[in-house]
Protein chains: 2
Amino acid sequence: MDKLDRNSLEAPIIFTAALVDGMGASVCIKHLKAGETLYVEGEDADYCYEIMSGAMKEYNTLEDGKRQVAEFYKAGDMFGFSESSDQLHTAEAITSCAVRCYPRDAFMKTVAASPALSASFLDTLMTRLHRARERMVMIGRMSAMQRVATFLLRLADDADNQHTTHLAMSRQDIADHLGLTIETVCRTLTELKKQQIIVMEAARVFSIADLPRLEAVAMGARGRLH
Amino acid sequence: MDKLDRNSLEAPIIFTAALVDGMGASVCIKHLKAGETLYVEGEDADYCYEIMSGAMKEYNTLEDGKRQVAEFYKAGDMFGFSESSDQLHTAEAITSCAVRCYPRDAFMKTVAASPALSASFLDTLMTRLHRARERMVMIGRMSAMQRVATFLLRLADDADNQHTTHLAMSRQDIADHLGLTIETVCRTLTELKKQQIIVMEAARVFSIADLPRLEAVAMGARGRLH
DNA sequence: CGAGGTATTGAGGGGGCTCAATATTTGTGG
DNA sequence: CCACAAATATTGAGCCCCCTCAATACCTCG
């Protein structure tokens with residue numbers, strides 16, 4: 001497999017406009033503070049959601065308390081369409097958020113009624129499936145160094161503001177996303193700093209100082225700690 | 001997250017019948033021997049496929065030769081609907097197979113034209129997304145013992161013939177599916193045999209001797225080698 | 001400025017990988 | 001049907017990456 005692609009997963013604009021048009025009054029907006037949950041695994045999946053501002057994460061918790069963060073979502077992303085009538089994940093605000101809520105039945109009906117919306121929706125689902133599989137490869141087959149490098153590359157690419165990139169999520173969130181521990185994430189970042197591949201302006205602000213080398217590391221070159 | 005569900009992923013019967021009806025002549029059947037590829041990562045994704053008999057695997061290969069098996073497919077399963085115009089995985093026959101091939105454009109059009117088909121298709125996609133995320137949890141957060149136990153449980157459940165279950169895939173395939181090495185898979189199976197939790201009638205035929213303990217192991221009880 | 005959360009660094013141990021040898025099964029041709 | 005080769009599976013020894021446990025630094029907000 002050539003390098004993991006880093007295309008954006010943003011819901012097309014058509015999505016929002018057509019949905020709000022079609023569903024009107026039944027759509028509402030919810031505001032969340034950092035740390036609040038939008039829904040919890042197991043509860044009824046009555047709504048689909050679209051992030052208007054802020055960042056969220058969707059995760060599962062195992063019996064022993066370990067977490068796996070399935071996805072991070074940012075403004076423009078849609079989520080919460082569970083295939084069952086229950087939520088299969090927990091969604092939690094990372095920063096304070098504004099979220100548009102679509103009643104699930106009406107949402108599905110509106111999507112089904114419009115070929116364009118259906119196509120967009122399918123695209124989103126398939127892209128997300130693809131991403132999930134990419135991350136399976138990452139978690140199952142890559143070293144800690146490769147995982148962190150790949151993660152930083154994707155973040156920088158998603159944000160594509162010229163220089164610095166902000167990390168909305170904590171080290172713990174990153175660890176839970178990459179299948180690592182928080183300590184390993186820290187050590188790996190430190191190593192990337194030492195090698196002057198990245199610069200950390202603050203704990204949650206970084207910039208890529210040497211893109212080719214970061215990409216090389218992500219591909220497996222010198223891809224270990226120590 | 002409570003225990004990973006093990007519901008079948010078979011395409012509903014409605015799928016096949018309606019599709020063949022709607023597309024008629026453009027559908028063709030292809031026969032593959034074990035080891036032959038149906039498509040290779042990067043080539044044009046012109047068709048969607050449905051397995052009529054046999055078993056297949058869909059995987060990615062990394063630069064260093066490591067593989068990640070995304071899914072195993074068996075009779076009744078549909079696959080190959082890539083979100084891009086290129087295939088993102090390689091699909092290879094595990095046993096000799098008969099595969100029904102649907103031209104991709106016509107397939108999508110037929111699905112879009114039928115609400116029932118659309119719903120089935122969405123279900124399939126979302127179930128698969130859910131499975132991919134389950135496996136992310138498994139690979140990222142579970143011990144080798146837990147992964148193998150979970151895998152055996154799912155296989156036995158999918159096959160649900162009373163007693164013994166046949167493994168179509170090799171140890172290498174299992175390892176590549178679970179994010180382990182072939183040696184670890186072997187050792188883990190040996191340990192499960194020693195503890196009389198499973199019985200191996202042959203290298204590729206097993207039966208579960210103690211379901212509650214296997215489930216307990218999958219959940220994390222005594223979930224380590226040694 | 002203190003308190004609590006978040007992040008970093010260190011020391012040590014273990015689970016699973018690597019390398020290697022052997023056993024078993026499968027496939028092929030005589 | 002057997003013999004041989006090739007592929008697949010199993011077992012062993014040793015090591016290393018990452019986890020665990022623990023201490024310290026930093027950052028944010030009352």
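Reminder, nothing fancy here: chain letters follow the sequence lines and each chain counts from 1.
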Rounded to whole angstrom units, what separation is found between the [atom1] atom of [X] and the [atom2] atom of [N]?
X: B:I94; N: D:dA7; atom1: CD1; atom2: P; result: 18 Å
X: B:K193; N: D:dT10; atom1: NZ; atom2: C1'; result: 8 Å
X: A:M200; N: D:dC26; atom1: CE; atom2: P; result: 15 Å
X: B:E183; N: C:dG15; atom1: CD; atom2: C1'; result: 14 Å
X: A:L167; N: C:dT6; atom1: CG; atom2: C1'; result: 13 Å
X: B:M169; N: D:dT8; atom1: CE; atom2: P; result: 15 Å
X: A:M145; N: D:dC16; atom1: CE; atom2: P; result: 17 Å
X: A:M142; N: D:dC17; atom1: CE; atom2: P; result: 18 Å

Parallel, tilted or perpendicular: which describes the rings of B:Y102 and B:F107, with under 30° parallel and over 60° perpendicular? tilted
Would you call the rings of A:Y73 and A:F79 parallel, tilted or perpendicular, where under 30° means parallel and over 60° means perpendicular? parallel
Residue [X], side-chain heavy atoms: nucleotide from [options] that is nearest:
X: B:L180; options: D:dC18, C:dC17, D:dT10; value: C:dC17
X: B:T190; options: C:dT8, C:dC17, D:dT10; value: D:dT10
X: B:A203; options: D:dC18, D:dA9, C:dC17; value: D:dA9

Mind checking if B:G179 touches a base, just sugar-phosphate, or nothing, with heavy atoms under 4.0 Å? sugar-phosphate
Look at A:T184 and D:dC19 and indicate whether a side-chain polar atom (N or O) is within less than 4.0 Å of OP1 or OP2. yes
Between the base of D:dT20 and the side chain of A:R187, is there a donor and acceptor pair under 3.5 angstrom? yes
Residue met sooner reading DNA chain C from 5', once A:K194 and A:R204 are mapped to nucleotides: A:R204
5'-most contact on DNA chain C (nearest-nucleotide basis), A:I182 vs A:R141, goes to A:I182
Ignoring hydrogens and geometry beyond distance, is a side-chain donor-acceptor pair present between A:T127 and A:T124 at under 3.5 Å? no
How long is the span from the CG atom in B:L180 to the CE atom in B:M142, to the nearest 0.5 Å? 12.0 Å
I'd like to know if A:D176 pairs up with B:R141 as an ion pair, taking the criterion as any Lys NZ or Arg NE/NH1/NH2 lying under 4.0 Å from an Asp or Glu carboxylate oxygen. yes
